[in-house]
Amino acid sequence: MLNFKTVNVFFTLLVAILIVASFFVDLSYVVFITIGSIWLLVTMCGSGFIRWNYFFKSLYSNPNTQEPIISITFDDGPHPEFTPRVLDLLKQHNAKATFFCIGNNIKANPKLLNQIINEGHTVGNHTYHHANNFGFLATNKVVGELNKTTTLIKEVSGKTVKMYRPAFGVTNPRIKRAIATTKLVSIGWNKRSLDTLPFSKEYTLKRITRNLKPGDVILLHDTSEKSIAVLEHLLLFLQKHKLKSVTVDQLLNIQPYE
């Protein structure tokens with residue numbers, strides 16, 4: 001898989017070769033613009049596609065598992081209306097999940113955070129504000145967002161989280177430095193439901209269940225009516241196909257807390 005360092009070295013060498021070549025042949029500036037555009041496109045894709053591990057490594061599946069297990073993960077909660085319903089459905093189907101929580105939502109719903117943990121699920125850090133411009137924040141701002149959420153989770157639950165889910169799945173060098181500073185482990189996914197986009201619940205469910213296999217990590221959100229409907233049908237699908245949802249730390253064989 002491509003990574004930032006390899007791509008930079010490749011394009012730097014390519015540009016250097018072309019600069020030398022320009023002394024011997026007439027090269028159009030369009031060549032250099034094209035190369036720069038390709039580099040920019042690759043880097044933008046690397047920032048947005050978490051499975052590329054372009055800037056830093058994220059754990060997103062366990063294809064080597066010998067058990068019929070997958071992991072359902074939820075982002076953006078806890079939500080006072082939808083998270084309790086998610087928990088009820090998981091309990092009905094004896095399923096476990098992982099909730100990557102926004103600090104600001106934890107502050108508003110501390111009892112829900114403890115309910116999640118007390119019912120056998122695990123929680124992780126999903127920044128404090130989940131700001132739309134999170135990918136553009138300076139390193140110290142990212143560190144502040146992560147530390148503030150980790151501290152709040154510790155105060156509310158007594159747990160010191162080790163798992164981090166990048167907001168919007170965005171990665172970049174500043175976030176890389178921030179998770180190195182905070183010693184968090186980045187957790188991605190390989191089944192993105194797109195449940196926050198205006199697709200039907202049927203389409204959303206089909207995206208998840210198509211070629212679903214042991215070791216997969218599913219991304220959902222505990223923030224909408226549609227996600228509740230998708231989860232209900234997903235759990236029935238898992239039961240029918242003899243698959244079990246476990247916490248993502250169990251699936252990936254890592255420790256969720258210090």
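Put simply, the side chain of N3 gets close to the backbone of T6: a donor and an acceptor are under 3.5 Å apart. No donor-acceptor distance shorter than 3.5 angstrom exists from the side chain of S47 to the backbone of T43, with no hydrogens or angles considered. Proximity of a side-chain donor or acceptor of K148 to a complementary backbone N or O of N104 within less than 3.5 Å is not detected. Here the side chain of R177 pairs no donor or acceptor atom with the backbone of N140 at under 3.5 angstrom. Listed for the S22 side chain is a donor-acceptor partner under 3.5 Å among the backbone atoms of I19. The closest donor-acceptor contact from the side chain of E145 to the backbone of H129 lies under 3.5 Å. The backbone N or O of V31 sits nowhere less than 3.5 Å from a side-chain atom of S28 that would complete a donor-acceptor pair. Put simply, the side chain of E81 never gets that close to the backbone of H79: no donor and acceptor are under 3.5 Å apart. Using modelled atom types, one side-chain atom of T149 and one backbone atom of Y128 make a donor-acceptor pair closer than 3.5 Å. No donor-acceptor distance shorter than 3.5 angstrom exists from the side chain of R165 to the backbone of N125, with no hydrogens or angles considered.
Looking at every heavy atom in both residues, L152 comes nearest to K107 through CD2-N, 3.7 Å. Here the closest non-hydrogen pair linking L59 and K57 is CD2-CE, 3.7 Å. Minimum interatomic distance between P78 and I116 (heavy atoms only, all atoms of both residues): CB-CD1, 4.5 Å. Nearest heavy-atom pair across L112 and T83 is CD1-CB, 4.2 Å. Scanning all heavy atoms of the two residues, the minimum distance from S157 to L113 falls at CB-CD2, 4.2 Å. Between I179 and S186, the shortest heavy-atom distance links the atoms CD1-CB, 4.3 Å.
Aromatic ring orientation, F4 versus Y54: perpendicular (interplanar angle above 60°, classes split at 30° and 60°).
A salt bridge is absent between K162 and E258; no separation between the charged side-chain nitrogens and carboxylate oxygens falls under 4.0 Å. Under the 4.0 Å criterion applied to side-chain N and carboxylate O atoms, D216 and K213 are assigned as salt-bridge partners. Using a 4.0 Å cut-off between a side-chain N of Lys or Arg and a carboxylate O of Asp or Glu, K201 and E225 do not qualify as a salt bridge.
Side-chain contact, D76 with H126: a donor N or O sits under 3.5 Å from an acceptor N or O. For the residue pair T204/D195, the side-chain donor-acceptor check at 3.5 Å is not satisfied.
Between atom SG of residue C101 and atom CG of residue N109 there is a gap of 9.5 Å, rounded to the nearest 0.5 Å. Interatomic distance, K206 NZ to L212 CG, rounded to the nearest 0.5 Å: 14.5 Å. Rounded to the nearest 0.5 Å, atoms OG (S193) and NZ (K226) are 8.0 Å apart. Between the CG atom of L235 and the NZ atom of K240 there is a distance of 15.0 Å, given to the nearest 0.5 Å. Rounded to the nearest 0.5 angstrom, K154 NZ and K159 NZ are separated by 9.5 Å. A distance of 10.5 Å separates CD in E155 from CD1 in I106, rounded to the nearest 0.5 Å.
More than 12 heavy atoms of other residues, nucleotides or ligands lie within 6.0 Å of OH in Y257, so this atom counts as buried by the packing criterion. Residue-environment remark: CG (N132) stays at or below the threshold of 12 foreign heavy atoms within 6.0 Å.
Screening L146, V185, V123 against V161 for a side-chain contact (heavy atoms from CB on, under 4.5 Å) leaves a single residue, V123. If you run side-chain contact (heavy atoms from CB on, under 4.5 Å) between D249 and each of T247, L252, L251, only T247 comes through. Applying side-chain contact (heavy atoms from CB on, under 4.5 Å) to T181 and the options V143, V142, T139 leaves one that passes, V143.
In the hydrophobic clustering of ILVMFWY residues, with side-chain heavy atoms under 4.5 Å counting as a link, V15 and F24 come out together. Cluster membership for L40 and Y29, using ILVMFWY side-chain heavy atoms within less than 4.5 angstrom, is not shared. Follow the hydrophobic side-chain contacts under 4.5 Å out from F23 and you reach L27 in the same cluster.
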>> Walk me through whether S227 and S224 qualify under side chain to side chain donor-acceptor pair (under 3.5 Å).
In response: CA-CA 5 Å; S227 296; S224 74; 3.0 Å; yes

>> Determine whether F237 and H233 satisfy the following criterion, ring-ring contact (aromatic ring centres under 6.0 Å, His included), listing intermediate values before the conclusion.
In response: CA-CA 6 Å; F237 175 92; H233 285 88; over 10 Å; no

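In this structure, the ring of H121 has its center less than 6.0 angstrom from the ring center of F99. Taking the six-membered ring for Trp and the full ring otherwise, the centers of H130 and F134 sit at least 6.0 Å from each other.
Using a 4.5 Å heavy-atom cutoff, the side chains of L220 and D75 are not in contact. Within the 4.5 Å cutoff, side-chain heavy atoms of L87 are placed close to those of Q115. Looking only at side-chain heavy atoms (C-beta outward), P214 and I69 stay at 4.5 Å or farther from each other. In this structure the side chain of K96 never reaches within 4.5 angstrom of the side chain of L90, judged on heavy atoms. Y60 is not listed as a side-chain neighbour of V217, based on a closest heavy-atom distance of 4.5 Å or more. For the pair Y164 and T127, the minimum side-chain heavy-atom distance is below 4.5 Å. Side-chain contact between V86 and F74 is present, with heavy atoms from C-beta onward closer than 4.5 Å. Contact check for M163 versus I254: side-chain heavy atoms found under the 4.5 Å cut-off.
Relative to the ring axis of F55, K176 does not place its NZ or CZ within 45° and under 6.0 Å from the centre.
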